[in-house]
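In what follows, a single structure is set out as structure tokens and then discussed.
Every chain is numbered from 1 and lettered A, B, ... according to where its sequence line falls, protein lines coming before strand lines.
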Amino acid sequence: MLQQTTVQAVKSYFDKFLKRWPSVEDLAAADTDDVMAAWAGLGYYARARNLKKCAETIARDHGGIFPDTFEGLKALPGIGDYTAAAIAAIAFDRPEAVVDGNVERVMTRFYAIETPLPSAKTEVKAKTKTVTPLDRPGDFAQAMMDLGATICTPKRPACVLCPLREGCRALASDDPQRFPVKLPKAKRPVRVGAAFVAETEDGKILVRTRAQSGLLGGMAEVPTTGWTSRKDGETGANAAPFAAGWRRAGDVTHVFTHFELRLTVWHAKTQKQAVSGGRWEPIDELGEKALPSVMKKAISEAIPQAFKPQGVGKS
DNA sequence: CAGACGTGGAA
DNA sequence: TTTCCAAGTCT
């Protein structure tokens, strides 16, 4: 959960997740859609699919016991270089070089590495390997990460308080904050599309499940057009899944990692009807479904009280 | 190897 | 308001 995600964002999800699926076997036996629903809002949904696959692999192929080597861990779904090294070092006391974003920052500063990231990753990994001790490698890894999280911060590092102040080349030079050097990032393109919130008299809306891979893979959505960067992209009611009294509810903007999405949201009161691949879900149960944030945003644009606590704001 | 892959909080 | 970025991984 913590991959590219802050502790604050993760905390409540982690608590709920472990309460619901306390063991690897529990998660392996879980319904994948329930897992996706429990992950909804956290982002990077491939992590949820991979975590589930990982649990299944460990339950089925490893007798419910985690591998205790870097190579064994790395072979599992969702466990890459960083996570494999972190588990090996912290859980199994193995002297692996643990390099996350924090360690990258500490190392590139301490050695004043001018090579921009991500090219410098190889060099950082090699340097980290040379400084990782055979004794308590897990504590060393956590100390490096905590140093980066609390002292050697991205902005305004607290060098006065730093235990590594003496040998730090970045501090000795001029501007420690200059490191790590990073390549300039490309501008985010804008994509447009339309989303259709079809609502019945008895308080249900039409939803469907997205493809298992790719953007928001395996998550629920209301029917939408494709999301295109073309200027003449479809945003009108003519692209709706069926004819109805569609009213324009408004626009929502949502920022993804690699593009910005502007959705025109359409709303209609309709009869419940059969739509290929679609299903009608009660609005008051939407909060428990696998709906990503962008979809909650779109639905709220059409039905403002959809995700509000029940019985509140009614009067 | 470069691009895909979410979201919300902080500066 | 805009930009950055957070315990990265997969293709």
A/Ser173/A/Arg178 under side-chain hydrogen bond (donor to acceptor under 3.5 Å, both in side chains): CA gap, chis, key distance, verdict
CA-CA 10 Å; A/Ser173 69; A/Arg178 188 163 68 80; 5.0 Å; no

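Closest approach to the A/Asp81 side chain among C/dT9, C/dA7, B/dT7 is made by C/dT9 (side chain taken as heavy atoms from C-beta onward). For A/Asn50, the listed nucleotide lying nearest its side chain is C/dC10; candidates were C/dC10, C/dC4, C/dA6. Counting only heavy atoms from C-beta on, A/Tyr44 has its side chain closest to B/dG6 among B/dG6, B/dT7, C/dA7. When the nucleotides B/dA11, C/dA7, B/dC5 are ranked by their closest atom to the side chain of A/Asp100, C/dA7 comes out on top. Comparing C/dA7, B/dC5, B/dT7 against the side chain of A/His258 picks out B/dC5 as the nearest. Here the nucleotide nearest the side chain of A/Thr83, chosen from C/dG8, C/dA6, B/dC5, is C/dG8. You'll find that the side chain of A/Tyr82 is closest to C/dA7, out of B/dG6, C/dA7, B/dT7. Listed nucleotides: B/dG6, B/dT7, B/dA11. Nearest to the side chain of A/Pro292: B/dT7. Closest approach to the A/Arg47 side chain among C/dC4, C/dA6, B/dG6 is made by B/dG6 (side chain taken as heavy atoms from C-beta onward). Distances were taken from every side-chain heavy atom of A/Leu216 (C-beta onward) to each of C/dC5, B/dG9, B/dT7; the shortest belongs to B/dT7.
A cation-pi arrangement is present between A/Lys16 and A/Tyr13 under the rule of less than 6.0 angstrom and at most 45 degrees off the ring axis.
Between A/Leu2 atom CG and B/dG8 atom P there is a gap of 17 Å when expressed in whole angstrom units. Atom CG in A/Leu215 sits about 20 Å away from atom P in C/dT9, given to the nearest Å.
For the pair A/Gln3 (side chain) and A/Gly78 (backbone), a donor-acceptor distance under 3.5 Å is present.
No contact: A/Arg188 has no heavy atom under 4.0 Å from any strand.
You'll find a donor-acceptor pair under 3.5 Å spanning the side chain of A/Thr257 and the base of B/dG6, going by distance alone. Side-chain to base pairing of A/Thr5 with B/dG8: no donor and acceptor N or O lie closer than 3.5 Å to each other.
Atom CZ of A/Arg156 is surrounded by 12 or fewer heavy atoms from other residues, nucleotides or ligands within 6.0 Å.
Side-chain N/O atoms of A/Gln3 include none lying less than 4.0 angstrom from OP1 or OP2 on C/dA7.
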